[in-house]
Amino acid sequence: MKNLYLAGGCFWGVSHFFKQIEGVLETETGFANGNTPNPIYKEVYTDTTGYAETVRIAYDETKLDLEFLLNMFFKAIDPTSLNKQGEDEGTRYRTGIYYTEESQKPIIDKVMTEQQALYDKPIVVEVEPLKNYYAADEYHQNYLDKHPDGYCHLPLELFAFARNAKKK
């Protein structure tokens with residue numbers, strides 16, 4: 001099992017999107033790369049803690065690889081939008097790829113270069129080592145499973161796309 005940490009705007013939708021992909025074992029919503037210990041949602045929401053809403057994705061590396069998951073990530077975000085995804089604005093909604101092993105960096109760089117070639121505007125996705133990560137409270141875990149009609153900035157058809165996506 002491997003872990004990947006991705007910030008893609010509101011973590012409810014990002015978590016639900018990745019849960020649809022065969023080979024993803026678990027998703028967990030949380031906060032990454034901020035400046036205070038043990039943040040809670042109410043603090044992160046102020047945009048004063050430096051945290052990004054982030055999803056920890058645990059995946060079976062025999063079924064999925066980092067490159068595939070990163071390319072799926074780019075299907076779920078607007079990588080040219082700074083601190084804004086959908087209607088959600090603020091630094092907590094920035095996009096980011098937070099890696100835990102130096103061996104991941106060349107793969108991330110490759111995907112970033114390939115993705116940049118698809119856009120006229122610069123990609124503003126942060127790429128940084130994971131400095132810290134704290135799980136969000138239970139209310140935010142599996143939110144769209146518990147509240148199927150709850151808010152999500154991602155279009156519903158994206159979840160169907162993820163369910164049908166297969167590593168080539």
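Salt bridge status for K146 with E138: present, with a side-chain N to carboxylate O gap under 4.0 Å. Using a 4.0 Å cut-off between charged side-chain N and carboxylate O, E22 and K63 make no salt bridge.
To the nearest 0.5 angstrom, S103 atom OG is 9.0 Å from I108 atom CD1. Taking CG of L158 as the start and NZ of K75 as the end, the distance is 9.5 Å to the nearest 0.5 Å. Rounding to the nearest 0.5 Å gives a distance of 11.5 Å between CG of N38 and CZ of F31.
No side-chain donor from either of N83 and E89 sits under 3.5 Å from a side-chain acceptor of the other. Side-chain atoms of T91 and D47 form a donor-acceptor pair, as typed in the model, at a separation below 3.5 Å. Judged purely by distance below 3.5 Å, without hydrogens or angles, the side chains of Y93 and E87 never pair a donor atom with an acceptor atom. Between the side chains of Y98 and E126, at least one donor N or O lies within less than 3.5 Å of an accepting N or O.
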Would you sort out whether Y5 and Y133 count as a ring-ring contact (aromatic ring centres under 6.0 Å, His included), showing the intermediate values? CA-CA 9 Å; Y5 296 82; Y133 172 83; 5.1 Å; yes

Side chain to side chain contact (heavy atoms under 4.5 Å, CB included) assessment of L69 paired with F18: CA-CA 9 Å; L69 287 170; F18 278 98; 4.0 Å; yes

How far apart are the C-alpha atoms of K84 and D88, what are their side-chain angles, what is the distance that settles it, and do they pass the salt bridge (charged side-chain N to carboxylate O under 4.0 Å, His left out) test? CA-CA 6 Å; K84 183 178 187 320; D88 301 315; over 6 Å; no

Hey, mind stepping through Y59 and L66 against side chain to side chain contact (heavy atoms under 4.5 Å, CB included) and telling me if it holds? CA-CA 9 Å; Y59 65 98; L66 179 60; 4.0 Å; yes

Show the numbers, then the answer: is there a side chain to side chain contact (heavy atoms under 4.5 Å, CB included) between I57 and K19? CA-CA 8 Å; I57 301 157; K19 281 176 60 173; over 6 Å; no

With side chain to side chain contact (heavy atoms under 4.5 Å, CB included) as the criterion, how do L82 and R94 come out once you've worked through the C-alpha distance, each side chain's angles and the decisive distance to 0.1 Å? CA-CA 6 Å; L82 183 63; R94 68 188 182 270; 5.8 Å; no

Using the rule given for side-chain hydrogen bond (donor to acceptor under 3.5 Å, both in side chains), can you reason through N71 versus E114, listing the C-alpha separation, both sets of side-chain angles and the distance that settles it, and then say yes or no? CA-CA 9 Å; N71 280 309; E114 291 170 353; 4.7 Å; no

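Side-chain atoms of Q141 come within 3.5 Å of backbone atoms of A136 as a donor-acceptor pair (strictly under, hydrogens ignored). Checked by atom type and distance alone, the side chain of N132 pairs as donor or acceptor with a backbone atom of N33 at under 3.5 Å. A donor-acceptor pair is defined here as one N or O able to donate and one able to accept, closer than 3.5 Å; no such pair exists between the side chain of N142 and the backbone of W12. In this structure a side-chain-to-backbone donor-acceptor pair under 3.5 Å is present from Q116 to I123. In this structure, T46 contributes its side chain and E43 its backbone to a donor-acceptor pair below 3.5 Å.
Here the closest non-hydrogen pair linking Y119 and Q115 is CD1-O, 3.1 Å. Residues F11 and G30 come closest through the heavy atom pair CD2-O, 3.3 Å. Taking every heavy atom of both residues into account, A165 and M72 meet most closely at CB-CE, 3.5 Å. Of all non-hydrogen atoms in Q104 and Y99, the two that sit nearest each other are OE1-CB, 3.1 Å. T49 and V44 get closest at one heavy-atom pair: OG1-CA, 3.7 Å. Nearest approach of T54 to A32, heavy atoms of both residues: OG1-CB, 3.3 Å.
Tracing side-chain contacts under 4.5 Å through hydrophobic residues (I, L, V, M, F, W, Y), one reaches Y151 starting from I77; they form part of the same cluster. Cluster membership check: L144 shares its hydrophobic cluster with F17, using side-chain heavy-atom separations under 4.5 Å among Ile, Leu, Val, Met, Phe, Trp and Tyr.
Checking T27, T29, D145 one by one against S15, the side chain to side chain donor-acceptor pair (under 3.5 Å) holds for a single residue, T27.
Under the 6.0 Å distance and 45° angle rule, R92 counts as a cation-pi partner of Y45.
Counting heavy atoms from C-beta on, the side chains of I97 and M112 come closer than 4.5 Å. Contact of the T80 side chain with the V124 side chain is not registered, since no non-hydrogen atoms from C-beta on lie closer than 4.5 Å. The shortest side-chain heavy-atom distance between P79 and F73 does not fall under the 4.5 Å cut-off. For the pair R56 and E26, the minimum side-chain heavy-atom distance is below 4.5 Å. Counting only heavy atoms from C-beta outward, the side chains of L70 and L6 approach each other to under 4.5 Å. A heavy-atom distance below 4.5 Å is found between the side chains of E101 and K2. Proximity of M1 to E61: side-chain heavy atoms (C-beta onward) are nowhere separated by under 4.5 Å. Residues T100 and P129 are not in side-chain contact: their nearest non-hydrogen atoms beyond the backbone lie 4.5 Å or more apart.
Classification of the F159-H16 ring pair by plane angle, with boundaries at 30° and 60°, yields perpendicular.
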